[in-house]
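What follows is one structure encoded as structure tokens, with my remarks underneath.
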Amino acid sequence: SKKKGLSFEEKRARMMEIFFETKDVFQLKDLEKIAPKEKGITSMSVKEILQSLVDDGMVDTDRIGTSNYFWAFPSKALHARKRKLEELESQFAESSQKKEALQKSIEKSKTGREDTTERAALLKELAALRQKKEQLKTEIDKYRECDPDVVEEMRQTNQVAKEAANRWTDNIFSIKSWAKRKFGFEESRIDKGFGIPEDLDYID
């Protein structure tokens with residue numbers, strides 16, 4: 001089976017082992033040679049791992065001349081872990097206080113919401129009022145057509161439709177008149193041939 005690579009945290013832990021076991025000071029090029037051979041960390045990832053440890057204050061670094069040197073001692077790591085533990089304990093205490101405050105707030109908000117006969121009656125009344133509101137809304141929608149604006153809109157729509165119908169009626173009469181003159185057709189024959197009602201007339 002394929003060998004599983006080291007995780008980022010495993011690489012960090014193994015890098016710290018190099019410092020703790022040797023108690024020595026290294027340059028980046030030294031660690032890029034030692035880490036793959038002794039700890040199974042690829043040389044290409046050494047720089048990234050090292051920088052993350054420096055950023056977290058676990059490894060010290062200093063520039064001497066043109067070179068950067070890195071070191072870390074167990075005592076410093078112990079202090080770093082202690083600081084981290086204190087920070088986490090402080091965050092935990094703060095979270096606990098917030099939780100307690102929220103719990104008190106929840107208990108306080110429950111006051112006046114106890115299941116009493118009066119509260120049950122009020123809730124029933126509230127439900128009835130909500131139902132009534134929906135009924136009234138439905139009733140309002142039903143009578144919306146009586147709204148003056150809606151009536152005016154319908155009147156204008158009807159007027160446009162009426163004018164269009166009369167315009168087409170006028171066109172039909174013109175065509176019938178032309179057909180009678182041109183071909184000598186009887187009006188009843190034209191009506192029958194084109195499905196024109198005998199009582200076709202303008203709309204008043």
Side-chain angles (χ1 to χ4, degrees), residues 1-138 140-141:
S1 61
K2 191 176 179 181
K3 189 177 179 182
K4 186 182 176 183
L6 297 171
S7 69
F8 191 75
E9 283 306 317
E10 285 172 335
K11 289 178 183 177
R12 279 165 53 96
R14 292 193 181 195
M15 183 71 74
M16 291 305 296
E17 286 174 3
I18 297 173
F19 290 109
F20 292 163
E21 288 167 2
T22 62
K23 298 181 179 64
D24 206 347
V25 177
F26 301 95
Q27 286 183 266
L28 176 61
K29 61 182 180 181
D30 300 325
L31 292 167
E32 285 175 339
K33 290 177 184 176
I34 296 168
K37 191 190 300 181
E38 296 188 9
K39 299 298 178 181
I41 303 169
T42 58
S43 58
M44 290 182 67
S45 64
V46 168
K47 187 176 181 180
E48 182 188 5
I49 300 297
L50 193 58
Q51 188 59 52
S52 76
L53 293 169
V54 170
D55 292 343
D56 288 349
M58 295 176 71
V59 172
D60 288 315
T61 183
D62 199 4
R63 189 175 183 83
I64 302 172
T66 57
S67 304
N68 289 321
Y69 291 87
F70 302 90
W71 68 94
F73 300 117
S75 59
K76 178 178 174 63
L78 179 64
H79 288 310
R81 283 198 296 271
K82 190 176 179 182
R83 280 199 305 274
K84 188 66 177 176
L85 180 62
E86 288 172 353
E87 182 185 332
L88 289 171
E89 285 176 341
S90 175
Q91 289 177 2
F92 178 76
E94 187 180 340
S95 296
S96 296
Q97 285 179 351
K98 283 183 180 178
K99 180 187 174 186
E100 190 178 340
L102 282 170
Q103 196 64 45
K104 286 180 180 177
S105 179
I106 290 168
E107 292 301 324
K108 188 178 179 181
S109 68
K110 285 180 179 178
T111 305
R113 295 189 181 183
E114 297 84 357
D115 291 331
T116 61
T117 307
E118 185 183 359
R119 184 168 185 267
L122 287 170
L123 286 173
K124 189 176 179 181
E125 185 180 350
L126 177 62
L129 287 170
R130 282 177 177 164
Q131 188 178 359
K132 183 68 176 176
K133 179 186 171 185
E134 287 303 313
Q135 288 174 350
L136 289 171
K137 187 175 179 296
T138 304
I140 288 169
D141 289 340

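One is the number of the first residue; the rest follow in order along the sequence.
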Least distance between heavy atoms, [X] atom then [Y] atom:
| X | Y | value |
| --- | --- | --- |
| K23 | F73 | O-CE2, 3.9 Å |
| T66 | R63 | O-NH2, 3.5 Å |
| F70 | F19 | O-CE2, 3.6 Å |
| T42 | P36 | C-CG, 4.3 Å |
| K39 | L6 | O-CD1, 3.8 Å |
| M58 | A72 | O-CB, 3.4 Å |

(message) Counting neighbours of CD on E86 that are heavy atoms of other residues, nucleotides or ligands and sit closer than 6.0 Å, is the number greater than 12?
(response)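 Yes, CD of E86 has more than 12 neighbouring heavy atoms, counting only those of other groups under 6.0 Å.
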(message) Tell me whether Q91 at atom CD has more than 12 heavy atoms from other residues, nucleotides or ligands lying less than 6.0 Å away.
(response)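 Counting other residues, nucleotides and ligands, CD of Q91 exceeds 12 neighbours.
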Roughly how far, to the nearest 0.5 Å, is the [atom2] atom of [Y] from the [atom1] atom of [X]?
| X | Y | atom1 | atom2 | answer |
| --- | --- | --- | --- | --- |
| T22 | F20 | OG1 | CZ | 10.0 Å |
| Q27 | I64 | CD | CD1 | 9.0 Å |
| I34 | D24 | CD1 | CG | 8.0 Å |
| E32 | K29 | CD | NZ | 10.5 Å |

(request) Would you mind telling me which of L53, V59, I41 makes a side-chain contact (heavy atoms from CB on, under 4.5 Å) with R12? (result)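 Per the side-chain contact (heavy atoms from CB on, under 4.5 Å) rule, the option paired with R12 is L53, out of L53, V59, I41.
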(request) Test E134 against Q131 for side chain to side chain contact (heavy atoms under 4.5 Å, CB included), laying out the working first. (result) CA-CA 5 Å; E134 287 303 313; Q131 188 178 359; 5.8 Å; no
(message) Applying side chain to side chain contact (heavy atoms under 4.5 Å, CB included) to L31 and M15, what does each step give before you reach the verdict?
(response) CA-CA 9 Å; L31 292 167; M15 183 71 74; 4.3 Å; yes
(request) Start with the C-alpha distance between Y69 and D60, add both sets of side-chain angles, then the distance that settles side chain to side chain contact (heavy atoms under 4.5 Å, CB included), and finish with yes or no. (result) CA-CA 8 Å; Y69 291 87; D60 288 315; over 6 Å; no
(request) Start with the C-alpha gap between I18 and R14, add the side-chain angles, then the distance that decides, and say whether side chain to side chain contact (heavy atoms under 4.5 Å, CB included) holds. (result) CA-CA 7 Å; I18 297 173; R14 292 193 181 195; over 6 Å; no
